[in-house]
J.: 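Pasting a structure here, questions to come.
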Amino acid sequence: MTDSHSTSNPKQKQVVARERFQHRALGSTHDQLKKARVLLVGAGGIGCELLKNLVKSGFKEIVIIDLDTIDLSNLNRQFLFRHEHIKKPKALVAKEVARKFDPRATIVAHHANIKDEQFNVEWFAAFTIVFNALDNLDARRHVNRMCLAADVPLIESGTTGYNGNVQVIKRGKTACYDCKEKQVPKSFAICTIRSTPSQPIHTIVWAKSYLLPELFGVSEAAAMNLDTSESANNAEEIEKLEKETAQLRELREAMGSDDFVRKVFDQAYKKDVERLLSMEDYWKNKKAPIPLDYETIASGSENIDPLVAKLDQDVWTLQQTFTVFKDSLLRLSKRLAEERAAALRENQLEPVIEFDKDDEDTLDFVTAAANLRSAAFNIDPKSKFDTKQMAGNIIPAIATTNAMVASLCILQAYKVIKGDLGRTKELFLSKANMTGDSSDLPNPNCMVCSRVMMRTKIDLEKATVGDLVDILKLELDYTGDITITTESSQMTVFDYLDDDDDDEDSLAKRRDTKLVEVGVGNGTSLIVLDGGDDEPRVDLQLFVEDMNAEREQALVVKFVFNDGEKPEIPRKPAKKPTEMNGTTTLDGEAQSAATGSKRKRGQDDEVEESAPAKKLQTSANGATQEDDIIVIDDEGAIVLD
Amino acid sequence: MADSSQSQADTQAPLDPTTMSNGANTELPVLPGQPQDPAGLMASMADPTMMPVLPPMQSISADEIALYDRQIRLWGVKAQEMIRNANILLIGIRALGNEIAKNLVLAGIGSLTILDHENVIEEDLGSQFLITEENIGKNRAEAAAVELRRMNPRVNVIADQEGIMTKMPQYFAAFQIVIATSQPFEMASTINMSCRMFNTKFYAADLHGLYGYVFSDLIMHSFVIEKDKSNIPSKAGTAETSTRMVVHVETKKENNKLREIVTKQEMYCPLMLANSSPLPPETIRSRRAKMRVPPLISCLRGLFDFQKQTGRQPSGRSEDLALYTKITNEKHLELQLPHETLTATVFRMFLQNLGTEIPPTAAFLGGQLAQDVINVLGMREQPLQNLLLFDGDDFKCPIYSLQPVFDPSLSMMEPLDVGMAPGMGVNGNGSMPTTNGGGPVSDTTQMQDDAHQAQG
């Protein structure tokens with residue numbers, strides 16, 4: 001059996017003392033990981049832990065990338081950072097600090113966005129393994145695609161409070177990030193926000209995304225109303241909302257005048273509430289709201305110091321709330337007036353004030369404005385601290401969960417590096433325990449990983465649409481019945497249906513159009529759809545790279561085959577109608593997480609490694625965790641963040 | 001009990017099992033190396049029959065709220081205040097100790113004492129991130145403390161370079177929680193019993209390469225769980241498990257939903273008893289269930305016994321391997337586990353990993369243990385009861401409640417007072433009240449009051 005204490009084994013003699021334990025525990029895996037090239041995407045909570053584990057585990061070549069800078073609220077868990085590092089780029093500081101964990105490791109840091117075009121598929125393909133330590137869906141999905149395209153294994157992870165998860169993604173072997181639908185951000189019907197609030201979050205969204213922008217920002221309502229094509233049921237309701245919006249806009253004119261506060265107050269908490277009361281049917285079975293009276297509240301709050309706004313853990317009384325409302329409204333008005341004057345002098349665009357959870361003026365205003373509305377609607381008020389979390393989409397984050405998740409990422413990486421994918425697991429961490437399932441197989445109907453992916457070198461100066469179509473026919477045996485679109489903007493590059501028309505001139509013109517003119521550039525992703533009726537092929541995804549150095553060759557479009565071999569593009573599986581990759585919300589609108597390109601996450605940078613959690617829980621202190629807030633009107637979802 | 005390693009310990013160490021067995025009656029000398037006590041915890045801990053009564057709390061500053069924002073949003077300001085007032089001892093600052101210390105310091109505990117008498121050697125650089133090459137030859141605790149202080153200047157980090165063997169039992173009185181890492185079984189058990197004398201909560205943890213464990217003895221611990229009220233309301237007096245009881249229930253209304261604030265109490269047994277206790281009945285009810293139990297538990301018990309018998313870890317020598325295999329097989333049988341699960345591969349893997357430390361296992365166990373400590377300090381969430389095993393090769397992390405078997409002949413005994421625990425525990429006669437969760441009834445009211453104070 002093992003004889004670890006023996007010094008007679010010549011192989012053991014070569015192991016330096018600091019590697020002795022790893023070598024004994026991991027054997028040949030340890031030798032393999034020393035040769036690996038690692039990409040770490042994200043230097044936040046999980047990223048700091050991962051970087052430490054990677055360097056200490058003996059990985060010798062690590063590239064780390066993060067676009068963020070260090071903030072005070074990071075320091076409770078992102079242990080590579082200190083007070084003096086605040087406002088510095090995370091990636092660069094992490095690299096400097098982690099170097100001393102093992103001076104023999106080479107760490108390269110990029111203070112950049114992983115979506116930048118310089119980080120193309122070719123760049124990804126140079127890594128042995130990639131770790132995601134991200135805080136948002138969009139970047140996660142991007143790295144997922146790049147790793148699938150480059151055929152590099154990806155360790156995906158996330159945490160939310162006590163919960164966390166780790167997943168191993170390898171093209172063709174395990175499920176990808178998009179194989180399972182992701183939790184769709186929480187959404188509210190517009191009428192709930194504007195007319196029938198029943199929970200604190202409703203009044204907070206109203207204050208943050210409706211009242212504040214109406215007074216100090218770009219009017220969302222104006223944009224929204226363009227969208228509301230009349231649906232018979234709520235035409236009347238929408239008309240009322242529009243009227244109300246018009247009145248609020250008039251208020252903006254009154255900014256700076258002596259009775260501005262009173263006018264806003266009366267409009268928001270008296271007239272508006274009275275309007276809602278007139279919907280008598282609605283209040284038959286519910287407690288009706290009570291309009292607030294300015295005089296009554298104002299007279300009771302004359303002696304309150306506006307510094308009460310600093311008491312962010314307390315729930316303010318109605319009078320305190322009023323004082324903060326008045327004070328923050330005046331602060332914001334003054335700011336906007338000054339910014340306007342400055343903009344006018346320097347001939348700049350009309351300034352606006354938008355909600356920022358770290359901007360005290362806006363947070364005070366939203367807290368107070370929301371709580372006044374809550375008072376009218378008999379909803380429990382919230383402290384400024386809680387309001388900040390709900391309005392700012394703050395997800396609780398702790399050092400321990402991040403440490404455990406990062407640890408599991410490394411243990412999974414050992415299996416990947418050993419070539420033992422069958423023993424990787426999908427792991428979940430919760431308050432109570434850690435559980436694991438075997439890694440899932442790829443979903444054959446996944447919109448992302450069922451595609452065949454291929455790097456494509458294109459001479460962007462010369463190549464035309466026709467060149468691309470021709471090489472697809474020639475090299476990959478397409479019939480020509482294909483549609484090519486750009487993935488991000490969904491622009492049509494080529495459509496065989498148009499190609500069929502008899503107008504020789506326009507056809508020739510289209511084929512002769514340069515690819516750059518139809519939106520193709522370095523880093524563009526193109527989707528080739530097989531339009532053939534019988535057994536169409538699965539979609540083909542081309543990742544465009546500028547030919548650069550290899551230009552001058554006769555070939556202006558060239559595929560890069562992963563194994564040097566032309567890949568087989570399989571036929572699409574017969575689709576069962578029920579297996580659409582989407583969900584249905586309460587109001588019956590189908591929302592597909594995988595295809596919903598209209599949807600975007602707001603303020604992603606503020607969300608800490610939010611786990612695509614199966615088990616999102618109500619946070620322990622009772623405050624409900626709110627993910628992104630979306631207001632839905634009848635025509636679709638609008639992100640109000 | 002008297003084997004070579006212990007008699008050696010007798011001559012040089014005040015802290016050894018023999019002294020401890022009648023420790024409750026021993027006049028204790030003044031302690032060497034007593035840590036400073038900035039939070040004035042000593043005074044409040046003077047009466048060992050009381051639950052730790054926390055000193056009056058300063059309200060937490062705006063700066064601290066900003067720094068700890070993301071965790072306060074998880075466990076609340078009151079828990080953070082209790083965390084800030086905590087005085088914790090960490091014994092052994094190797095890879096696992098590094099992780100535990102990092103997590104506790106980041107969380108913002110009041111004071112952390114790290115005790116380690118050894119000097120940094122080159123092997124330590126493999127997994128210990130708090131030290132660098134320059135620290136080789138220097139005391140491990142001193143070296144790590146420097147980096148920890150930088151990590152969070154608000155935490156009072158004290159390095160104690162003395163050996164654990166030199167410590168008197170009283171040393172543990174000042175701490176709310178003592179965490180012993182990388183200690184052989186006898187030493188861990190002795191520390192455990194010393195802690196019990198002063199009502200100090202105790203954790204033991206160790207790692208061997210891809211494997212590791214965490215054990216907890218919180219003596220008696222009250223904690224609060226907040227949840228939506230279900231159809232079946234929680235009721236005070238309900239015994240939820242053989243060790244856990246609901247002691248108080250309150251309801252509050254939040255957004256028109258009823259929430260329950262449930263105060264529960266867990267009763268613990270010391271390491272010495274847990275180590276000879278069977279697996280919980282549900283774990284060995286069926287063959288299927290038994291097959292799921294990682295043989296790691298037998299490997300660990302085998303290791304503890306080997307250490308007891310020889311005073312060291314098994315080496316690669318064939319006589320050591322034979323003895324270790326024999327003991328471990330016995331432990332496996334004793335635990336009623338099927339012999340098929342204790343394969344040659346299991347032995348080979350465990351022995352290969354024995355005594356080694358690697359970063360991910362240290363990070364996982366350090367995260368688990370520190371989070372449990374944080375929750376215990378904040379008196380929130382279900383704490384570990386009482387053994388967590390980690391298998392980083394197979395991604396398994398089961399928790400087993402190991403409790404001494406109830407002996408009816410002892411049921412007539414008076415409810416155990418916490419202060420009496422050490423003497424009784426060392427007898428190893430299974431006299432801990434563990435079977436019905438009834439616990440010491442007389443203490444229940446006191447516990448409720450404490451819990452209320454904690455909630456505010």
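Within every chain, numbering begins at 1; the chains are lettered A, B, ... in the order of the sequence lines, protein sequences first and strands thereafter. In this text, all values refer to a predicted model and were calculated from it rather than measured experimentally. These values consider heavy atoms only, across backbone and side chains, with no hydrogens, waters or symmetry-generated copies.
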J.: Does a side-chain N-to-carboxylate-O contact under 4.0 Å join B/Arg150 and B/Glu147?
T.: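 A salt bridge links B/Arg150 with B/Glu147.
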J.: Please determine, among B/Leu384, B/Asn375, B/Thr361, the option with the most heavy-atom pairs under 4.5 Å with chain A.
T.: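 Sorted descending by pairs with chain A, the first entry is B/Asn375.
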J.: Check each atom of A/Ile398 against the heavy atoms of chain B and say whether the ones under 4.5 Å are side chain, backbone, both or neither.
T.: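 Side chain only.
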J.: If you count heavy-atom pairs under 4.5 Å between each of A/Lys388, A/His83, A/Met434 and chain B, which one has the most?
T.: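 Winner by heavy-atom pair count: A/Met434.
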J.: Assign the ring pair A/Phe79 / A/Phe101 to parallel, tilted or perpendicular, where the plane angle (0 to 90°) is split at 30° and 60°.
T.: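 Rings of A/Phe79 and A/Phe101: parallel, under 30°.
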J.: Hey, are the side chains of B/Leu210 and A/Leu411 touching, using non-hydrogen atoms and a 4.5 Å cut-off?
T.: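 Of all side-chain heavy-atom pairs linking A/Leu411 with B/Leu210, at least one is under 4.5 Å.
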J.: Side chain from CB out, backbone as N, CA, C, O: work out which of these in B/Lys396 comes under 4.5 Å of a heavy atom of chain A, or both, or neither.
T.: backbone
J.: Classify the ring geometry between B/Phe364 and B/Phe390 as parallel (under 30°), tilted (30 to 60°) or perpendicular (over 60°).
T.: parallel
J.: Can you tell which of B/Asn353, B/Ile374, B/Asn152 has the highest number of heavy-atom pairs within less than 4.5 Å of chain A?
T.: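 Maximum pair count with chain A is reached by B/Asn353.
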J.: Between the side chains of B/Lys252 and B/Glu226, is the shortest nitrogen-to-carboxylate-oxygen separation below 4.0 Å, so that they form an ion pair?
T.: yes
J.: Given heavy-atom pairs under 4.5 angstrom as the criterion, report whether the side chain, backbone, both or neither of B/Ile399 touches chain A.
T.: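 Interface part for B/Ile399: side chain.
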J.: Heavy atoms only, distances under 4.5 angstrom: which of A/Leu80, A/Ile379, A/Leu408 has the most pairs with chain B? Name it, please.
T.: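 Max contact count across the listed options: A/Leu408.
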J.: Students often mix this up, so state it plainly: with edges at 30° and 60°, are the rings of A/Phe59 and A/Phe131 parallel, tilted or perpendicular?
T.: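 Ring orientation, 0 to 90° scale: perpendicular.
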J.: Measure B/Ile65 against the heavy atoms of chain A and call it side chain, backbone, both or neither at under 4.5 Å.
T.: side chain
J.: Would you mind checking which part of A/Phe81 comes under 4.5 Å of any heavy atom in chain B, side chain (CB onward), backbone (N, CA, C, O), both or neither?
T.: neither
J.: Examine whether an atom of B/Gln382 lies under 4.5 Å from a heavy atom of chain A, and if so say whether it belongs to the side chain, the backbone or both; otherwise answer neither.
T.: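 It is neither, since no heavy atom gets under 4.5 Å.
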J.: What part of B/Asp393 is in contact with chain A, defined as an atom under 4.5 angstrom from a non-hydrogen atom: side chain, backbone, both or neither?
T.: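 B/Asp393 touches chain A through backbone and side-chain heavy atoms alike.
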J.: Looking at B/Lys227 and B/Glu260, is any side-chain nitrogen of the basic one under 4.0 Å from a carboxylate oxygen of the acidic one?
T.: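 B/Lys227 and B/Glu260: salt-bridged.
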J.: Who among B/Cys397, B/Gly209, B/Ser127 has the most heavy-atom pairs with chain A under 4.5 Å?
T.: B/Ser127
J.: Would you mind checking which part of B/Gln368 comes under 4.5 Å of any heavy atom in chain A, side chain (CB onward), backbone (N, CA, C, O), both or neither?
T.: both
J.: Pick one of side chain, backbone, both or neither for A/Glu49, based on which atoms fall under 4.5 Å of a heavy atom in chain B.
T.: side chain
J.: Please classify the contact between A/Lys415 and chain B as side chain, backbone, both or neither, with a heavy-atom cut-off of under 4.5 Å.
T.: side chain
J.: Between the side chains of A/Arg18 and B/Asp124, is the shortest nitrogen-to-carboxylate-oxygen separation below 4.0 Å, so that they form an ion pair?
T.: no
J.: Are A/Glu19 and A/Lys56 ion-paired here, with the side-chain N under 4.0 Å from a carboxylate O?
T.: no
J.: Hey, does the Lys NZ or Arg CZ of B/Arg73 hover above the aromatic six-ring of A/Phe385, less than 6.0 Å from the centre and inside 45° of the axis?
T.: yes
J.: Shorter than 4.5 Å, heavy atoms on both sides: which option in B/Ile358, B/Leu369, B/Thr356 has the most such pairs with chain A?
T.: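 Option with the greatest count: B/Thr356.
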J.: Contact part of A/Arg423 toward chain B, heavy-atom cut-off under 4.5 Å: side chain, backbone, both or neither?
T.: both
J.: So which part of A/Ala432 gets closer than 4.5 Å to some heavy atom of chain B, the side chain, the backbone, both or neither?
T.: backbone
J.: Has A/Lys52 got its NZ or CZ under 6.0 Å from the middle of the six-membered ring of B/Phe129, at an angle within 45 degrees of the ring axis?
T.: yes
